[in-house]
Each structure stands twice: as structure tokens, then as C-alpha cells.
Amino acid sequence: MITATVSAARLTALLDGLPAGRPAYARLAEAVRSLIVDGRIELGARLPSERDLAEALGASRTTVTRAYDLLRERGFLASRRGSGSVAMLPVPGGASPSAGILRPYEEGDDEGIIDLTCAALRAPVGIEDAYQTALEVLPRYLAGAGYTTVGLPELRAALAEQYAARGLATNPDQILITSGAVIATLLAVRSLVQPGQRVLIEDPTFPNTAAALRSAGLRLTPAPVEPRGWDVDHVASVIRRGRPSVAVLIPDFHNPTGALMSDADRHVLAEAMASASTTAVVDETVCSIVLDPVAMPAPMGAHAPSAISVGSSSKSHWGGLRTGWIRTPGPVGDALIAQRVAGDGGAALLEQLVLLHLLRTDRVDADRGRLADLRLARDAAVAALRDRLPDARFVVPVGGLSLWVELPGLSAGDVALHARERGLLLAAGPWFAIGRGLGSFLRLPYVRPPAVMADAVARLAGAVEDVRRGAPTSARPGLTPLVA
């Protein structure tokens with residue numbers, strides 16, 4: 001793993017000088033801790049030596065030494081032979097690579113594992129403040145039962161404003177808050193169809209959505225999505241012939257291909273769905289992750305007025321913020337509320353308050369910086385692929401979180417097994433397939449820093465070479481920790 005280094009000058013700039021207040025070492029430790037939590041200091045990054053930082057800050061070396069010691073005690077700093085002081089997050093007791101969970105400190109882990117099975121970002125700048133603010137506000141809601149079946153009115157209003165800003169006039173009574181996008185999609189679909197009925201869904205698609213629909217007893221009809229996007233005439237023909245009650249679509253930076261559906265194509269599909277009385281359930285979880293200058297198409301709901309939209313904070317903000325939502329064409333109906341009551345009963349109140357704070361806070365600069373970092377990570381992955389794997393085929397997306405990479409003539413599953421032995425975890429194409437196929441594809445999320453993405457591609461190239469020369473592997477197919 002390539003280790004990033006934060007120079008004394010860089011850290012001093014991030015700190016904006018020595019934080020005021022006494023004791024100085026505690027203030028310094030807290031300021032550095034905030035930079036690590038917010039992601040402005042990468043996990044695994046090497047911090048400057050105590051002497052260099054003291055000189056840059058104009059502070060005593062004792063102050064910096066005690067600050068570093070305090071960070072080590074709290075689990076935010078580790079001393080490693082040959083690497084000095086390395087940024088990390090506190091490790092939950094007993095966690096290990098075989099624990100079957102995604103660990104937020106993997107970049108700084110001694111095992112050197114790069115887990116790219118999850119296309120999601122780490123927590124954004126300001127998330128800790130949002131939770132603290134939510135806790136301060138929480139007492140005013142404690143007198144009630146705590147259930148919010150349709151969601152907090154204030155959050156519903158804030159989300160309605162976001163839809164209106166995108167060109168889709170929305171009232172708060174059209175919003176229902178959920179505990180994530182998958183449950184939102186499942187609730188929306190189940191309010192429209194019965195078990196045993198057919199639902200049109202893209203192929204490939206987000207695997208957890210497909211699994212949830214299958215578990216509800218629904219029959220899935222695949223509509224192909226190529227690396228460059230949709231053959232909308234073919235999809236429209238499938239809709240007109242099969243007349244499915246529901247079509248589950250991801251038109252905005254499709255997961256996993258990254259394709260963006262044009263306004264013209266949305267119009268074609270909207271007409272086909274109207275003629276077949278098909279309702280679109282539209283996943284818009286990454287529509288805000290725009291990396292290159294592009295005129296974003298109007299929401300599908302502007303083309304198909306009957307469409308139900310699904311959103312989530314897990315991709316735009318953080319996977320740990322388990323808050324999603326549904327936008328319905330009119331006021332949230334009884335069928336959808338009934339599905340909600342029979343399910344989890346309502347989204348967690350604290351997380352709703354956290355998301356409300358994030359939506360109401362001026363985050364223009366923070367979001368711009370986050371997108372800039374993501375763009376650098378994407379470009380680093382693209383450059384490394386072109387250099388190390390020139391035969392790989394992929395389309396560079398203008399937004400979203402991942403590349404859909406084809407390895408011609410190779411089994412991506414075999415490549416993933418060999419990559420696992422090199423400390424790289426990937427999701428191969430069959431995870432995303434509705435039926436069989438996509439065996440030469442894999443998804444490569446560019447959600448780690450540029451140096452880590454370059455390292456990941458280097459490991460991938462090594463795994464490809466292992467497969468080509470028929471090298472044995474001790475890894476065996478099995479469940480990955482999480483494909484998200």
C-alpha cells in the first residue's frame with residue numbers, strides 16, 4: 001500500500017495555525033482528530049514528525065509530543081516502524097479481516113487490504129457536528145412515542161425543496177422517509193404489485209435491490225444496459241410487449257455501468273411506460289455526484305408524471321447515515337403507508353435530524369471539495385488502467401462512483417479471486433447480473449484516494465497476469481463482505 005504523507009506545512013495550513021486555548025496540546029490533538037474524522041487527513045497517511053510540526057506551528061515540541069500521545073491513546077494515531085505516526089480511526093474490539101464487515105480503517109490496516117466491494121464514500125466534513133447538533137435538538141422530540149411513520153415534517157420539507165430545485169415541483173406530503181434506498185424501492189414496488197407478478201429491472205443492476213425484490217416473491221424481467229447505456233428502443237419494446245406493472249430504473253449514473261440516460265431517452269421510455277400502464281420506480285441515489293461539466297437531464301418524474309423516485313443519504317453523504325426517502329406523484333398514499341407500517345414502522349429519528357442539519361447547512365465549499373477529490377480518484381484509476389491494463393475496456397463516466405471494466409477473454413470471477421490474495425477485494429460482474437452472464441466484467445469504485453486507486457489497479461493487473469499464466473490460488477468463491 002502506498003502511504004500518503006502530510007507535510008508539516010500542509011498540516012499547519014489545515015489547522016490554520018496552532019488552535020487557541022489551553023491546554024495547548026489538548027486543543028491541538030482535538031484539531032488533528034477532527035481533520036482525521038472529516039477525511040481531510042487520509043487514513044493511513046504519515047503525519048509530520050513532532051519536531052517538524054512544532055517548528056511549523058511555532059509551538060514547543062512538548063506540546064506536539066503530548067498532542068500525538070493523546071491521539072495515540074484515543075486510537076487516532078499509530079506509530080509504525082518505518083512510517084512514523086500514521087492517521088487511523090479507533091478499531092472496534094475484536095475486528096479482523098475475516099469478521100465479515102466493512103471496516104472504516106482499512107486503508108491504515110496492517111493487513112494492507114483495499115476493499116472496493118462497496119461503492120460509497122467515507123463520512124463527509126461536518127458529519128460529527130451534524131450528529132452533535134442532532135443530539136442537542138433531540139430532547140424536544142422525546143415527549144412523543146418516537147415513531148415517525150412518514151418522517152419528520154421538517155426533513156420532508158427540506159427534501160421537497162431539493163426536488164423543486166431540480167425542476168420537479170414537490171410538496172412535503174409527497175415525501176416518505178425510509179431507512180435506506182433498498183427498503184424504499186421495496187416499499188414502493190410492493191405498494192404497486194403482488195407477489196408473483198413481473199417487474200422490469202435493468203441488467204446489470206444494483207444487486208441488493210434485485211435480491212430484495214426476489215425475496216418479496218416478484219419475478220424479474222431483465223432489460224439490458226450496455227457499458228455505453230440503454231438501447232431504449234429495445235427496452236421500450238420489452239415494456240410494450242410485457243406490460244409490466246413496474247419498471248425499476250437507475251437513469252442517473254447507473255450502478256454499475258455509470259451511464260447517464262439522456263432527456264430524449266427518458267422521453268422514449270416515459271411514452272412506452274404510459275402506453276403499457278407501467279409505473280417507474282427510479283433510483284436517484286447518486287444523481288448529485290456530478291464530476292464533469294454536463295447538463296443534467298430532468299428527473300424521470302418530469303418525463304413520466306406517474307414515476308416514484310427513491311433517494312438516499314448513503315451515497316451522497318455517508319453509508320452509516322441510514323436515511324432514504326420516496327417521492328410519490330401525489331400525496332403519499334394509504335397503500336404505501338400500509339407497507340411502511342407492516343415493515344419497520346419508521347426511520348430512526350436521530351438520523352433524520354442529522355440529515356436535516358446537513359441539508360440546511362451551507363455545504364457548497366465542502367461538497368465542491370469532495371467532488372474534486374472524487375474526480376482525482378477517478379482520473380487516477382483511469383490513468384492506471386490505461387497504463388497497466390491497456391486491453392481493458394471501459395467508458396469513463398461523467399459522474400457516479402464506479403467504473404464498469406471489461407477484461408476481454410478473462411473470467412472476472414477468477415481475477416477477483418487472485419486479486420483477493422493480493423489484498424484487493426472486488427465485486428465481479430455476475431454479482432450484478434439478473435440472470436447469468438457478465439462474466440468478463442467487474443466494478444471498480446473510485447472511492448479511495450488517488451494513490452490507493454493506483455495501488456488497487458496495480459494489484460488488479462497482477463491478478464490478471466496470474467490468471468493469464470494459470471497461477472494457482474488458494475482463495476475460494478464465497479460471499480464478499482458487502483456489495484453496496
Side-chain angles (χ1 to χ4, degrees), residues 119 176 178 180-226 229-232 234-261 265-266 268-274 276-287 297 299-312 314-315 324-329 335-336 339 343 400 404 431-435 438 483-484:
L176 181 143
T178 70
V182 173
I183 187 63
T185 301
L186 184 60
L187 289 173
V189 172
R190 290 183 62 176
S191 71
L192 297 168
V193 297
Q194 298 297 318
Q197 289 187 268
R198 285 199 171 274
V199 171
L200 183 135
I201 189 168
E202 295 155 328
D203 185 15
T205 193
F206 184 50
N208 297 340
T209 298
L213 296 177
R214 285 194 179 103
S215 69
L218 300 171
R219 301 165 65 193
L220 306 184
T221 297
V225 181
E226 301 300 328
W230 298 257
D231 181 345
V232 291
H234 174 71
V235 177
S237 175
V238 172
I239 291 172
R240 290 192 176 99
R241 290 197 314 267
R243 305 183 69 84
S245 297
V246 172
V248 178
L249 306 172
I250 313 175
D252 299 290
F253 310 126
H254 175 264
N255 187 356
T257 69
L260 176 64
M261 188 183 293
D265 286 350
R266 294 175 196 230
V268 170
L269 290 189
E271 286 192 331
M273 289 186 289
S277 299
T278 300
T279 300
V281 175
V282 185
D283 183 336
E284 299 179 329
T285 52
V286 295
C287 67
M300 182 62 82
H303 294 276
S306 66
I308 296 175
S309 301
V310 168
S312 171
S314 64
K315 304 294 187 184
W325 56 87
I326 299 171
R327 180 208 178 266
T328 55
L336 186 54
Q339 287 292 330
W404 185 233
W431 278 98
F432 305 89
I434 295 302
L438 303 175
V483 177

Review point. Could you go step by step and tell me if V182 and F206 meet the side chain to side chain contact (heavy atoms under 4.5 Å, CB included) rule?
Key: CA-CA 9 Å; V182 173; F206 184 50; 3.7 Å; yes
Check your understanding: Which pair of non-hydrogen atoms, one from D252 and one from V286, has the smallest distance, and what is that distance?
Key -> O-CG2, 3.4 Å
Study note, to complete from the structure: Rounding to 0.5 Å, atoms CZ (R198) and OG1 (T278) come to a distance of 13.5 Å
Review point. Could you go step by step and tell me if E226 and D231 meet the side chain to side chain contact (heavy atoms under 4.5 Å, CB included) rule?
Key: CA-CA 8 Å; E226 301 300 328; D231 181 345; 5.8 Å; no
Check your understanding: Checking side chain to side chain contact (heavy atoms under 4.5 Å, CB included) for the pair V225/F432: CA distance, chi angles, key distance, verdict?
Key -> CA-CA 11 Å; V225 181; F432 305 89; over 6 Å; no
Point to revise | Short side-chain to backbone donor-acceptor contact, K315 and A119, under 3.5 Å | key: yes
Review point. With respect to V189, which candidate in V193, L192, L187 satisfies the side-chain contact (heavy atoms from CB on, under 4.5 Å) definition?
Key: V193
Review point. Any side-chain heavy atom of R214 sitting closer than 4.5 Å to one from I434?
Key: yes
Point to revise | Donor-acceptor contact below 3.5 Å, side chain R266 vs main chain P299 | key: no
Study note, to complete from the structure: Interatomic distance, CE@M300 vs CG@L269, rounded to 0.5 Å, equals 5.5 Å
Practice item. Could you please spell out the steps behind the side chain to side chain contact (heavy atoms under 4.5 Å, CB included) verdict for V248 and T205? Key: CA-CA 9 Å; V248 178; T205 193; 5.8 Å; no
**Study point:** Contact check, side chains of W431 and P256, non-hydrogen atoms, under 4.5 Å
**Key:** no
Review point. How about H254 and W230: are their ring centres within less than 6.0 Å of each other?
Key: yes
**Study point:** Considering all heavy atoms, the nearest T279-S306 contact
**Key:** CG2-O, 3.5 Å
Review point. Can you tell me how far CG of L213 sits from CG of N208, rounded to the nearest 0.5 angstrom?
Key: 11.0 Å
**Study point:** Minimal non-hydrogen separation, I308 against A188, with atom names
**Key:** CG2-CB, 4.0 Å
Study note, to complete from the structure: dist S312:OG -> I183:CD1 (nearest 0.5 Å) comes out at 12.0 Å
Point to revise | Which atom of V235 lies closest to which atom of P224, heavy atoms considered | key: CG2-O, 4.2 Å
Check your understanding: What is the minimum heavy-atom distance between L186 and A212, and which atoms define it?
Key -> CD1-O, 3.6 Å
Review point. Among V199, I201, V246, which one satisfies side-chain contact (heavy atoms from CB on, under 4.5 Å) with L218?
Key: V199
**Study point:** Closest contact, heavy atoms only, P329 versus A307
**Key:** CG-O, 3.6 Å
Check your understanding: Given side chains that start at C-beta, do those of T285 and S314 come closer than 4.5 Å, heavy atoms only?
Key -> no
